[in-house]
Trainee: 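Here's a structure for you.
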Amino acid sequence: MEKTKKHSRHSFRSNTLPAVVMTGPMTLLLVLLVAVPLIYVGVMSFCSIDEYYNVVFRFTTANYARLASTDYLKIYGQSLLIAFVTTIICILVGYPFSWLIARTKSKYKKILYMLVIVPFWTNSLIRVYGWRTFLGTNGWLNTALQFLHLTDGPLDFLYNRGTTILGMVYCLLPFMILPLYTSIEKLDQGLLESSADLGAKRAATFFEVVLPLTSGGIFSGSIMIFIPCLGYFFISDILGGGNSDVIGNLIERQFQSGNNWPLGAALSIVLIVITLILVKLYQRMGGSMESLGV
Amino acid sequence: MSSIVQLEGVNKHFGKNHVVKDLNLSVEEGEFLTLLGSSGCGKTTTLRMIAGFEEPTSGSILVEGQAVEEKEPFERNVNTVFQSYALFPHKTIYDNIAYGLKMKKVPKTEIAQRVKEIMALVQLTGFEERYPSQLSGGQKQRVAIARALINRPRVLLLDEPLGALDLKLRKQMQLELKRLQRKLNITFIYVTHDQEEALTMSDRIAVMHDGILDQLGTPEEIYEQPQTKFVATFIGETNIFEGNIKELAMGRIAVRIENGVIRGCGYGFSRNEYITVSVRPEKMRFSPVPVKGFQLEAQVKDYVYVGSVVKCIAVLQNGMEIKMDRLAGEELPEPGSIIHPWWDEKDAVLLHNPENQVLKMIDSMPLI
């Protein structure tokens, strides 16, 4: 009697279900949506195309060999440069703002926080187009400048590396502010007071105490900005006009106008490898994957 | 001795809250002064104003004769030991302790020498390379003290530094702090809500209540001659009786209370004045028969054994409980028996009772 009772109670507990029932659906989902496409891209990167641009399963490493040419290397370099500058600007702009929203005692704290979050809810493509309208030769900025007689004719703001970086900063800044906000909020006010008490001026307190203790936020923010920067082709398309390509542009072009899927696949693999190296570096420096929201 | 810290008419408001009210306090050089009071009495705010973390709304604060209320914390020759220790989690114990000297750009060799000395003084030698998270509460406490003391401040401010430690460690650290203070001859301003701690360690105690400095004096004065009802009840245990003065002659006073008559000594009182009488449990005596001059009857309710003494709890006719200490081993009447409490006239502390006096006047006014 006792035994059957125990048994019946047990049978309601989820841990008696076969493991495959519990983890199966999730595994299936991951296999179908992540593993299979990734393997597909990997395999394709070693394929070739025939004279009609059809993918043929003939093994070749020529795609990768082509990627090592100086033209491509130049774009990788430019892409890394854009990502680097974007990240630096995001740190410089994001830090004071995060400090403000984390430390303010004002009742507007929530509103400031919402200012960061709300743009997230609008499609970034639309917001980037908004910038083009704003900066264009007939855009608001030029109209305003001419109206105020600050300039004689319209200025060319668009289609250079600077506007691409502007767009990247604009789209990715929240990814710097949010982790920074968390790490600044966690910072104990008592530490700042004891630093001042021990004779440290404000700048010294910042570099000795504040910066080291919030570097985790800077790290995770940087990685979350640097990596997307390499792939955000639509920003450099819309605002850079082909003058400031990133790796994402190369991939997009091979799949679209270039119609060379194997080459695009090889480029994708290169991007994945660069990303993995960066994440590995991040972990090596003591960054936690949890603070990336992974 | 001259005064090293002086507060003159200091007020502090937080919005509508008047936290510190017209505080005048002079701290002597080399003394151990304790700001004692319950939470929210303004003692920590007072300390933070001396340290420079809060600015007084009005009044002035002088350290070594110089007004400092406009100065930043890093410009004042005082250091603070925080309640939460506030050690830098990303720095080693060595770097934590060396922080103040590094900020003052003291040469590295001298820093090393002084850190070594101070770590020996607080018995932390060998912990140089550890991080705060690897230390126990008591060890963190020592680091916090060393980190402040290494700067050789004229005044050390301590904000409930032993609050987070267990009882045994706290007792040990109390003695150690006192020893350090004597040895280094630094002025300590110590904030605590623990009256026993205050009595053990202080040269003088400033009892604060509701933003007001109630009484300033040596531990003996505070304990034996409290000047307000709050001080009498806050420091140690006591029995409080209230009533009107029935007779007074040559400083000997008889007071009529609700259930009888009690006696005490004091000057400056007037006939019929409504006063408070405070008698410490250890001063209370009782006898099986009425004692001359006293009219007080109580029933023994319970005994509580606390080691060296037995606490006797008895109930007066009006239901008020009184506490009396008896030495352990003494013969005691059975619970339930009737006793007659009394005390030496000199052992009672008589206090004017301004608030009650006003209430009494209102009560006695004829209704119009």
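In what follows, chains are A, B, ... by sequence order, proteins preceding strands, each numbered from 1. This one's a predicted model, so the numbers in the text were calculated from it and none came from an experiment.
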Trainee: Return the option, out of B:A86, B:A51, B:G100, with the maximum number of heavy-atom pairs under 4.5 Å with chain A.
Mentor: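 Option with the top pair count is B:A86.
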Trainee: Give, as side chain, backbone, both or neither, the part of B:N151 having an atom under 4.5 angstrom from any heavy atom of chain A.
Mentor: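 When you check distances to chain A, only side chain atoms of B:N151 fall under 4.5 Å.
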Trainee: Between B:M103 and A:A204, what is the shortest heavy-atom contact and its length?
Mentor: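 Taking B:M103 first and A:A204 second, the nearest heavy atoms are SD-CB, 3.7 Å.
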Trainee: Of the backbone (N, CA, C, O) and the side chain (C-beta and beyond), which part of B:L87 lies under 4.5 Å from a heavy atom of chain A, both, or neither?
Mentor: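 When you check distances to chain A, only backbone atoms of B:L87 fall under 4.5 Å.
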Trainee: Are there over 12 heavy-atom neighbours, none belonging to A:R127, within less than 6.0 Å of that residue's CZ?
Mentor: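 Enclosed.
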Trainee: Does anything in residues 12-20 of chain B reach chain A? List residues with heavy atoms under 4.5 Å apart, or say none.
Mentor: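 Under the 4.5 Å heavy-atom cut-off, nothing qualifies.
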Trainee: Between B:E72 and chain A, with a heavy-atom cut-off of 4.5 Å, which part of the residue counts as in contact: side chain, backbone, both or neither?
Mentor: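 Only the side chain of B:E72 comes within 4.5 Å of chain A.
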Trainee: Shortest non-hydrogen contact from B:T80 to A:D197?
Mentor: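 Minimum heavy-atom separation between B:T80 and A:D197: N-OD2, 2.6 Å.
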Trainee: With a 4.5 Å limit on heavy-atom distance, are the side chains of B:R147 and A:S194 in contact?
Mentor: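 Heavy-atom side-chain distance check passes, below 4.5 Å.
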Trainee: Do you know which two heavy atoms are closest between B:F82 and A:E193, and how far apart they sit?
Mentor: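 Closest heavy-atom pair between B:F82 and A:E193: CE2-OE1, 3.8 Å.
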Trainee: Taking CD in B:E70 as the centre, count heavy atoms belonging to other residues, nucleotides or ligands within less than 6.0 Å. Is the count above 12?
Mentor: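 Count not over threshold, so no.
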Trainee: Determine the minimum heavy-atom distance between A:P212 and B:H90, stating which atoms define it.
Mentor: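 Taking every non-hydrogen atom into account, CB-CD2, 3.4 Å.
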Trainee: Do you know which two heavy atoms are closest between A:L198 and B:A148, and how far apart they sit?
Mentor: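 Result for this residue pair: CD2-CA, 4.4 Å.
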Trainee: Please check if atom NZ in A:K201 has more than 12 non-hydrogen atoms from other residues, nucleotides or ligands closer than 6.0 Å.
Mentor: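 No, NZ of A:K201 has 12 or fewer neighbouring heavy atoms, counting only those of other groups under 6.0 Å.
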Trainee: Just wondering, more than 12 heavy atoms not from B:K104 lying within 6.0 Å of its NZ?
Mentor: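 Yes, the 6.0 Å shell around NZ holds more than 12 heavy atoms from other groups.
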Trainee: Distance from A:T205 atom OG1 to B:Y99 atom OH, nearest 0.5 Å?
Mentor: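 Rounded to the nearest 0.5 Å, the OG1-OH separation comes to 4.5 Å.
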Trainee: Apply side-chain contact (heavy atoms from CB on, under 4.5 Å) to the pair A:L213 and B:F88, showing each step before the final yes or no.
Mentor: CA-CA 9 Å; A:L213 289 176; B:F88 305 123; 5.8 Å; no
Trainee: Under the rule for salt bridge (charged side-chain N to carboxylate O under 4.0 Å, His left out), what residues qualify as partners of A:E208, not counting sequence neighbours?
Mentor: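 With neighbours one apart ignored, the set is B:K91, B:K102.
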